[in-house]
Asker: 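What follows is a single structure, and I will ask about it in a moment.
Only this structure's heavy atoms are used, side chains among them; waters, hydrogens and symmetry mates stay out.
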Amino acid sequence: MDGTDIVLDGALVALTIAAVQLWKGLGLPVPWAPLAAIATAVVLGALKVVAFDPAPLTVQLVAMILWTGVVGGLAASGLYSGTRAMTRS
């Protein structure tokens with residue numbers, strides 16, 4: 001992992017937030033926003049891997065795409081802080 005991966009993952013989160021806000025403005029119900037964020041981040045993560053690391057598709061590569069997408073989607077939807085806030089109240 002180099003510095004480029006960190007920058008691209010940050011961009012993935014920012015683009016995911018923007019896309020989900022756009023979809024909510026177009027009528028996406030708010031309870032579906034976290035799932036939309038995860039799905040969007042998985043797609044964006046797959047595009048990142050295909051664009052910057054054109055390697056053959058392997059199980060390890062698919063796992064990396066899914067992991068990046070799930071973590072990016074959770075970060076974009078605020079589930080980390082939301083879960084923490086729910087457990088404290």
Asker: Hey, quick one: are L57 and V49 part of the same hydrophobic cluster, counting side-chain heavy atoms closer than 4.5 Å, chains of contacts allowed?
Answerer: yes

Asker: Are V30 and I17 connected in the hydrophobic side-chain network, where two residues link if heavy atoms are under 4.5 Å apart?
Answerer: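 No, because V30 and I17 fall into different hydrophobic clusters, even though each may have its own neighbours under 4.5 Å.
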
Asker: Hey, could you give me the CG/CD1 distance between L66 and I38, rounded to the nearest 0.5 Å?
Answerer: 11.5 Å

Asker: So which heavy atom on V13 is nearest to which on A75, and how close?
Answerer: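 Minimum heavy-atom separation between V13 and A75: CG2-CB, 4.2 Å.
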
Asker: Do the side chains of L61 and V59 join up, straight or via other hydrophobic residues, at under 4.5 Å, putting them in one cluster?
Answerer: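 No, it is not one cluster - the side chains of L61 and V59 are not joined through contacts under 4.5 Å.
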
Asker: Please report the interatomic distance CG(L8) to OG1(T68), rounded to the nearest 0.5 Å.
Answerer: 10.5 Å

Asker: Specify the closest pair of heavy atoms between V42 and V70, including all atoms of both residues, with the distance to one decimal.
Answerer: CG2-N, 4.2 Å

Asker: Shortest non-hydrogen contact from G72 to A41?
Answerer: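 In terms of heavy atoms, the two residues are closest at C-CB, 3.9 Å.
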
Asker: Mind listing the closest non-hydrogen atom pair of A36 and T40 along with its distance?
Answerer: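 In terms of heavy atoms, the two residues are closest at O-OG1, 2.7 Å.
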
Asker: Sub-3.5 Å donor-acceptor pair from the side chain of S77 to the main-chain atoms of L74, do we have one?
Answerer: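 Side chain of S77 to backbone of L74: a pair is present.
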
Asker: When clusters are formed by joining ILVMFWY residues with side-chain heavy atoms under 4.5 Å apart, either directly or through shared neighbours, do V50 and L44 land in the same one?
Answerer: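 Cluster IDs for V50 and L44 differ.
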
Asker: Heavy-atom distance under 4.5 Å between the side chains of I65 and K48, does that happen here?
Answerer: no

